[in-house]
Enquirer: 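Here it is, the structure, as structure tokens.
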Amino acid sequence: MAKIQMTTPLVEMDGDEMTRILWQIIKDELIYPFIDLKSEYYDLGLEYRNETNDQVTFDSAYATQKYGVAVKCATITPNAARMTEYNLKEMWKSPNGTIRAILDGTVFRAPIVVKGIEPCVKNWKKPITIARHAYGDVYKNVEIDVPGAGTAELIFTGEDGQVIKETIHKFDGPGVIQGQHNVDKSIASFARSCFNYALDTKQTLWFATKDTISKKYDHTFKDIFQEIFDAEYKEKFDAAGIEYFYTLIDDAVARVMKSEGGYIWACKNYDGDVMSDMISSAFGSLAMMTSVLVSPDGKYEYEAAHGTVMRHYYKHLAGEETSTNSVATIFAWTGALRKRGELDGNKELMEFADKLEAATIKTIEDGKMTKDLALITTLENPVVLNSENFIKAIRETLEASL
Ligand code: NAP
Ligand code: MG
């Protein structure tokens, strides 16, 4: 069979530890035999980030702006222990943070739904995608430990000298104060990323805040979403047969539990932090969560939601067998290949992505899986495969389907 040709390169961001090992096996078994892969390779492994003073991370993000689609392996975010382990010149920042800041994107996380790995919520039949705003609110707060009686005020001083002042509270004893902010520009980017992603995936978009209580702060989020939707997206949503709707956060939570899934749930920063952990664990496993960063001008970076699986890597280094789940990393590849195909009008590439995803799911549904899934599956007598043999089993299923 002739290999599938590509016209535009995919930005490939290699990473660290166990996921770096999986990355190579995935390419050798599931990509190279079928695709004449055109990629612009960036090594985001910690050693090379250190060698280049992290320039490689910036370059990979600029390449994503240029070409539009990237696939990223999990990477180490250095802490004190990693400084010694890798003999680092500096405690380099999180690559995901750097890339997100350059692309100004929103992260969408969705579980991969497979028969035999059942969500705890029994009526959930389709994935629920969480879109989390990644700027501001409590993550950029200013706090004061109030020592005793006194008055707390909120003061804004404009560059033109205008002063707006509100009393927060007259304390008659100790307490606490918190100041939060957000900016219209970031909220608008968040809204556009959500609307674009909804159109892309043909899923209805929900957005929820607590605007009945927070009449200015949360209400601003609601208004910006609505204004942008009405002005730029309403007709496109109608044509695609999908909806945008806004509701209160408590109503959204209740509806999510009773729904069957199949939509995108946009959340403010804190809500997204909390709800994405709930959704991923309720769907079964972190190893089955995909993640894509979408910029407001339509650039895409696909990855797995989990980290570098350090514990498995150390076992691997010690010569022990590992059974690490590669599904989310495979889906990062298929997501990126499908998007590349879509942007380039390359139908073959899109079809290959569909077939590889279907083969991955079928392999698990046929009872062949890694240890993490075997522990939670409802299928009887699952066959537990090691890291490499699981990918090879997917290749067999894929070849049979081609
Ligand atoms: P992790 O890689 O997400 O793994 C935590 C644990 O979850 C593993 O020890 C394993 O549990 C289980 N697990 C996660 N992914 C799995 C998979 N694919 N297959 C099977 N089991 C899986 O988190 P970590 O080990 O705490 O972090 C390691 C490094 O990842 C850190 O340096 C962190 O900075 C980095 N990180 C990177 C990203 C990213 O690049 N997007 C995200 C998060 C963390 P058992 O050991 O019980 O089997
Ligand atoms: Mg969290």
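Quick note: residue numbers are just sequence positions, from 1. Atoms within each ligand, like the ligands themselves, are counted from 1 in listed order. Values below: every heavy atom of this structure, side chains too, minus hydrogens, waters and symmetry copies.
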Enquirer: Nearest heavy atom to atom 48 (O) of ligand 1 wins, so pick from His312, Met310, Lys315.
Expert: His312

Enquirer: Looking at ligand 1, does any of its N/O atoms fall within less than 3.5 Å of an N/O of Thr324?
Expert: no

Enquirer: Would you kindly specify which portion of Met18 sits under 4.0 Å from ligand 1, judged on non-hydrogen atoms: side chain, backbone, both or neither?
Expert: neither

Enquirer: Taking the inter-plane angle between the rings of Phe225 and Phe190 on a 0 to 90° scale, is it parallel (under 30°), tilted (30 to 60°) or perpendicular (over 60°)?
Expert: perpendicular

Enquirer: Answer yes or no: are there more than 12 heavy-atom neighbours, outside Lys93 itself, under 6.0 Å from its atom NZ?
Expert: no

Enquirer: Heavy-atom distances under 4.0 Å are what count here, so tell me which part of His306 touches ligand 1: side chain, backbone, both or neither.
Expert: both

Enquirer: Looking at atom 5 (C) of ligand 1, is any protein heavy atom nearer than 4.0 Å to it?
Expert: no

Enquirer: Any N or O on Asp372 sitting closer than 3.5 Å to an N or O of ligand 1?
Expert: no

Enquirer: Please say whether more than 12 non-hydrogen atoms of neighbouring residues, nucleotides or ligands are located less than 6.0 Å from OH in Tyr32.
Expert: yes

Enquirer: If I apply the N/O under 3.5 Å rule, does Asn325 come out as touching ligand 1?
Expert: yes

Enquirer: Atom 7 (O) of ligand 1: which protein heavy atom is closest, and how many Å away?
Expert: Leu286 CD2, 4.9 Å

Enquirer: With Lys236 as the cation and Tyr233 as the aromatic partner, state whether NZ or CZ is under 6.0 Å from the six-membered ring centre and within 45° of the axis.
Expert: yes

Enquirer: Which residue holds the protein heavy atom closest to atom 37 (C) of ligand 1, what is that atom called, and what is the gap in Å?
Expert: Thr75 O, 2.9 Å

Enquirer: Please confirm whether Arg82 approaches ligand 1 to less than 4.0 Å, judged on its heavy atoms.
Expert: yes

Enquirer: Ignoring hydrogens, just give me the one of Asn96, Thr308, Leu375 whose non-hydrogen atom is nearest atom 28 (C) of ligand 1.
Expert: Thr308

Enquirer: Does an N or O from Ser323, backbone or side chain, lie closer than 3.5 Å to an N or O of ligand 1?
Expert: no

Enquirer: What residue and atom, counting heavy atoms only, is the protein's closest point to atom 41 (N) of ligand 1, and at what distance?
Expert: Glu303 OE1, 3.2 Å

Enquirer: Would you say atom 1 (P) of ligand 1 has a protein heavy atom nearer than 4.0 Å?
Expert: yes

Enquirer: Please confirm whether the ring centroid of Tyr135 lies under 6.0 Å from the ring centroid of His181.
Expert: yes

Enquirer: Which of the numbered atoms in ligand 1 are below 4.0 angstrom from a heavy atom of Ala287?
Expert: 16 (C), 17 (C), 18 (N), 19 (N)

Enquirer: Is there any ring-ring contact (aromatic ring centres under 6.0 Å, His included) pair reaching into residues 40-86, and which pairs are they, with sequence neighbours excluded?
Expert: none

Enquirer: Evaluate Cys73 for polar contact with ligand 1, using N/O atom pairs at a separation under 3.5 Å.
Expert: no

Enquirer: Do Asp104 and Ser189 have side-chain N/O donor and acceptor atoms under 3.5 Å apart?
Expert: yes

Enquirer: Any chance you could lay out the salt bridge (charged side-chain N to carboxylate O under 4.0 Å, His left out) test for Glu399 and Arg395, step after step, and finish with the verdict?
Expert: CA-CA 6 Å; Glu399 277 174 339; Arg395 179 171 177 177; 3.1 Å; yes

Enquirer: Measure the distance from atom 47 (O) of ligand 1 to every protein heavy atom, then report the residue, atom name and distance (to 0.1 Å) of the closest one.
Expert: Arg311 NH2, 3.4 Å

Enquirer: Lys72 heavy atoms, cut-off 4.0 Å: which ligand 1 atoms fall inside?
Expert: 40 (O)

Enquirer: Is atom 24 (P) of ligand 1 near the protein, in the sense that some protein heavy atom lies at less than 4.0 Å from it?
Expert: no

Enquirer: Out of Thr77, Leu373, Asp16, Thr322, indicate the one that has the non-hydrogen atom closest to atom 33 (C) of ligand 1.
Expert: Thr77

Enquirer: Test the Lys339-Tyr302 pair against the cation-pi criterion, namely NZ or CZ under 6.0 angstrom from the six-membered ring centroid and within 45° of the ring axis.
Expert: no

Enquirer: May I ask you to test the Arg132-Thr106 pair for a side-chain heavy-atom distance under 4.5 Å?
Expert: no

Enquirer: By number and element, which atoms of ligand 1 are closer than 4.0 Å to a non-hydrogen atom of Ala74?
Expert: 40 (O)

Enquirer: What about the rings of Phe207 and Tyr244, do their centers lie closer together than 6.0 Å?
Expert: no

Enquirer: Side chains of Glu260 and Lys126, heavy atoms from C-beta outward: is any pair under 4.5 Å?
Expert: yes

Enquirer: Between Phe229 and Tyr246 (judged by ring centroids, cut-off 6.0 Å), do the two rings come close enough to count as a pair?
Expert: no

Enquirer: Of the listed options (Gly307, Ala305, Ala304, Ser94), which comes nearest to atom 38 (C) of ligand 1 when hydrogens are ignored and any heavy atom counts?
Expert: Gly307

Enquirer: So is Val309 polar-close to ligand 1, meaning N/O to N/O under 3.5 Å?
Expert: yes

Enquirer: Going by a strict under-4.0 Å cutoff (protein heavy atoms only), does atom 12 (C) of ligand 1 have a neighbour on the protein?
Expert: no

Enquirer: Hey, could you give me each pair passing ring-ring contact (aromatic ring centres under 6.0 Å, His included) that has a residue in residues 339-369? Not counting sequence neighbours.
Expert: Phe34-Phe352

